[in-house]
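See below for the structure under consideration.
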Amino acid sequence: MRKSVRKRIAAVSILAVVAILASITYSHCQIPCGIYNDQMRFDTIAEHITTIEKSMKMITELSGHDKPNMNQLVRWVQNKEEHADEISHIVSYYFMAQRVKLSAEGDSKAQNQYVKKLTLLHRMLVYSMKAKQTTDPANVEQLKSSLNEFHKVYFGENG
């Protein structure tokens, strides 16, 4: 009987630890914990953009072969899609839901900054979606320029 109870406690404990670790490693929380690393998010988005760009090049290259390796082609398409989704996730759940604050009522300067930030974040969402739909490098360039502009506005480098 005691052995059975110990096994159950051990199993529940292991499940609890796995659940906690999985939630920590998957995404940042949406509670006001105060633990943020904004620059890391910018660097991560930039890395995702680079990966999307490489995926597009590989898809184009593989598609040009007389007998394309369909397995590799599918893997590069999936890779491109996953990284575009990651950009959307960071933009939506980190920046839009947690970091870009509502502007104060009647503060037109704050309202203008708020609208600039949201507009740039929306552009990033649109171009990450377009990057999923095509292999057009213009969408990658739009992602890069939107990220750079958002960085300037977010950190107040370009007022």
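Fair warning: this is a prediction, and the values are worked out from it, not measured in the lab.
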Determine whether [X] and [Y] fall in the same hydrophobic cluster, where Ile, Leu, Val, Met, Phe, Trp and Tyr are linked whenever their side-chain heavy atoms lie under 4.5 Å apart.
| X | Y | value |
| --- | --- | --- |
| Leu125 | Ile49 | yes |
| Met58 | Met56 | no |
| Ile90 | Val126 | no |
| Met124 | Met129 | no |

Practice task
Say whether Gln111 and Asp107, considering side chains only, have a donor N or O and an acceptor N or O under 3.5 Å apart.
Solution key: no
Exercise for the section: Please determine, by modelled atom types, if Thr51 and Asn79 share a side-chain donor-acceptor pair under 3.5 angstrom. Expected result: no
Exercise for the section: For the pair Phe155 and Gln39, evaluate side chain to side chain contact (heavy atoms under 4.5 Å, CB included) and give the outcome as yes or no after the intermediate values. Expected result: CA-CA 10 Å; Phe155 287 112; Gln39 186 56 51; 3.7 Å; yes
With rounding to the nearest 0.5 angstrom, report the [atom1] to [atom2] distance, [X] to [Y].
| X | Y | atom1 | atom2 | answer |
| --- | --- | --- | --- | --- |
| His89 | Thr44 | NE2 | OG1 | 11.5 Å |
| Lys109 | Gln113 | NZ | CD | 7.0 Å |
| Ser128 | Gln142 | OG | CD | 12.5 Å |
| Ser88 | Met96 | OG | CE | 10.5 Å |
| Arg123 | Lys130 | CZ | NZ | 11.5 Å |
| Met70 | Ser63 | CE | OG | 7.5 Å |

Exercise for the section: Among residues two or more places apart or on two chains, list those pairs meeting ring pair (Phe, Tyr, Trp, His ring centres under 6.0 Å) that have a residue in residues 45-87. Expected result: His48-His83
Problem - With sequence neighbours excluded, residues passing salt bridge (charged side-chain N to carboxylate O under 4.0 Å, His left out) with Asp136 - result: none
Handout entry: Set of salt bridge (charged side-chain N to carboxylate O under 4.0 Å, His left out) partners for Glu141, sequence neighbours left out
Key = Lys144
Practice task
Using a 4.5 Å cut-off on heavy atoms from C-beta on, say whether the side chain of Ile87 contacts that of Ile52.
Solution key: yes
Practice task
Report yes if the side chains of Lys116 and Asn112 come closer than 4.5 Å at any heavy-atom pair, otherwise no.
Solution key: no
Fill in the blank from the handout: Correct closest heavy-atom pair for Leu143 and Ala131 would be CD1-CB, 4.4 Å
Practice task
Please report the shortest heavy-atom distance between Gln133 and Lys80, naming the atom on each side.
Solution key: N-NZ, 4.3 Å
Problem - Expected output: side-chain Gln98 to main-chain Tyr93 donor-acceptor under 3.5 Å - result: yes
Practice task
For Lys54, look at atom NZ and say whether over 12 heavy atoms of other residues, nucleotides or ligands are found less than 6.0 Å away.
Solution key: no
Problem - Set of residues satisfying side-chain hydrogen bond (donor to acceptor under 3.5 Å, both in side chains) with respect to Thr119, sequence neighbours excluded - result: none
Problem - With sequence neighbours excluded, residues passing side chain to side chain contact (heavy atoms under 4.5 Å, CB included) with Arg99 - result: Tyr36, Asp38, Tyr94, Phe95, Tyr154
Exercise for the section: Determine the sole option in Asn148, Asn37, Leu147 for which the side-chain contact (heavy atoms from CB on, under 4.5 Å) test with Phe42 is passed. Expected result: Leu147
Fill in the blank from the handout: Joining Ile, Leu, Val, Met, Phe, Trp and Tyr whenever any side-chain heavy atoms lie under 4.5 Å apart, the cluster holding Met40 also takes in none
